[in-house]
Amino acid sequence: MALFKRRTVGKPGEWYYCLKHQTVEEGPECRAADRFGPYATREEAAHAMETAGERNLEWDTDPKWHDEPEKGKSGGADT
């Protein structure tokens, strides 16, 4: 068992968006599962949620991921 908790040290100029606290951080202050980043600027990190929303929309509407099933093959979809 470790006696001391190792703290993650970030590089100056790396910015993160903390999902838990909904704040911008310079260097990783919160655990990796609770943050987006790194970003090059504070402004990019501040817009992390909008960027994620735009990327999700692109992914959801990407025709490569919503191909019609081939006719004559069963895939669980109505043909």
**Q** Say whether, by atom type as modelled, one donor and one acceptor occur between the side chain of E14 and the main chain of E26 under 3.5 angstrom.
**A** no
**Q** Please list all pairs passing the side-chain hydrogen bond (donor to acceptor under 3.5 Å, both in side chains) test where one or both residues lie in residues 37-46, with sequence neighbours left out.
**A** none
**Q** Could you check if a side-chain atom of C30 sits within less than 4.5 angstrom of a side-chain atom of K20, using non-hydrogen atoms only?
**A** no
**Q** Looking only at non-hydrogen atoms, find the nearest pair between A45 and W15 and report the distance.
**A** CB-CB, 3.8 Å
**Q** Hey, what do you get for CZ (R35) to OG1 (T23), rounding to the nearest 0.5 Å?
**A** 12.0 Å
**Q** Mind listing the side-chain donor-acceptor pairs of residues 48-55 below 3.5 Å, one per line with the distance, residues two or more places apart or on another chain?
**A**
residue: E50; atom: OE1; partner: H47; partner atom: ND1; Å: 2.8
residue: T51; atom: OG1; partner: H47; partner atom: O; Å: 3.0

**Q** Give the cluster check for Y16 versus V24: same hydrophobic cluster or not, with ILVMFWY residues linked at side-chain heavy-atom distances below 4.5 Å.
**A** no
